[in-house]
Amino acid sequence: MGNPLARDRYPGGSSGGSAAALAAGLCDAALGTDSAGSIRIPAACCGIVGFKPTDGVVPMDGCWPLAPSFDTAGPMARDVAGCAAMTKALDPSLPSTPLELAEVRIGLAWVADADPGVAGRVRKAAALFGRSEEIAFPLMPANIDPAFQREVAEVHRDLFAQHEALYGANVRWKVERALEVTGEDHEESVAARERYRDEAREALDGFDLLVVPTIGTVAPSRSLAERELRPSMLRFTEPFNVLGWPALALPCGAAENGLPASVSLVATAGEDALVLGAGLALEAALQRC
């Protein structure tokens, strides 16, 4: 399915069909899987809402794994209330009520690396909290990627050996790269992941939420090859799979070419209710602007 907002634009990643169906009004809610951004990137591209819960909140039973310690399942909907209701069904113990934005302390990051229209919309969304400060939150180091790839290799190694010809060209390329990761690369990557987790917690100390662009652009043109797009599209989403933190993506106004920008609200592991409560309040505030 193409992007209902603009047929010449990508609908996003591997949960793009769910996001497109929501944007087209074909359903009221959907489930997605997110190993590096595949709930949040389609949400951003299609102007809907997507929520990646804390790692482990939603059981992955019945989901074919990609990289098990990065994989997360979560809801997608046309508004935050829809995502909150879906999350409640997935985890009945999780409350979600709107918060007072003025009482939430946010750290704003990565806007300087986004396109001007997206950056402007994200800054305006952040300003609605009333207590915001731009911070130097670290991006994910490149040397963490082998940890992800090794997990992909372990899942697909035997299946790929038996059925390589049945893999599509794009997926085959990814699996082949994953199979090249050495044991030494993997060990160094696991250590780098732990260091990144420590650095991220330290960077957010003193704040309730992190606010970032979901992706640095609006939905990209289909004229661009996916391999070329992949690094830039994952840049602001994959860190939270590495960290295992909850992240909510929601539209925050028109940006380049009249397409929606998307802002992500992120908190440390276990603070899912805080993220959803802030999302409900932010969405309401954006609608009043």
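Hydrogens, waters and symmetry mates are skipped; everything else that's a heavy atom, side chains included, is used. If you read the sequence from its start, that first residue is 1, and numbering goes on from there.
Between the side chains of Thr54 and Asp272, at least one donor-acceptor pair of N or O atoms lies under 3.5 Å. At a cut-off of 3.5 Å, with distance as the only test, a side-chain donor of Asp71 or Ser35 sits close to an acceptor on the other residue. Looking at Thr268 and Arg197, their side chains never bring a donor and an acceptor atom within 3.5 Å of each other. Side-chain contact, Ser264 with Thr214: a donor N or O sits under 3.5 Å from an acceptor N or O.
Salt bridge Glu134/Arg123: present, at least one basic N to carboxylate O contact under 4.0 Å. For Arg157 and Glu154, the salt-bridge test passes: some basic side-chain N is under 4.0 Å from an acidic carboxylate O. The residues Asp198 and Arg201 are annotated as salt-bridged, a charged nitrogen and a carboxylate oxygen being separated by less than 4.0 angstrom.
Taking 4.5 Å as the limit, some side-chain heavy atom of Asp145 sits within range of a side-chain heavy atom of Arg177. Counting heavy atoms from C-beta outward, Thr33 and Ile39 have side chains that stay 4.5 Å or more apart. Looking at Tyr196 and Ile144, their side chains come closer than 4.5 Å, going by heavy atoms from C-beta outward.
Cation-pi contact between Arg40 and Phe240: absent, since separation from the ring centre below 6.0 Å together with deviation from the ring axis within 45° is not met.
The environment of CD in Glu256 is crowded: more than 12 heavy-atom neighbours from other residues, nucleotides or ligands sit within 6.0 Å. For Lys174, the NZ atom sits in a packed shell: over 12 heavy atoms of surrounding residues, nucleotides or ligands are nearer than 6.0 Å. Within 6.0 Å of atom CD in Glu194, more than 12 heavy atoms from other residues, nucleotides or ligands are found, so the atom counts as buried in its surroundings.
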Inset, instruction - Take Asp8 and Arg222 through the test salt bridge (Lys or Arg N to Asp or Glu O under 4.0 Å) and record every step on the way to the result. - result: CA-CA 6 Å; Asp8 63 337; Arg222 284 184 175 272; over 6 Å; no
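At distances below 3.5 Å, not a single donor-acceptor pair connects side-chain atoms of Asp34 with backbone N or O atoms of Ala73.
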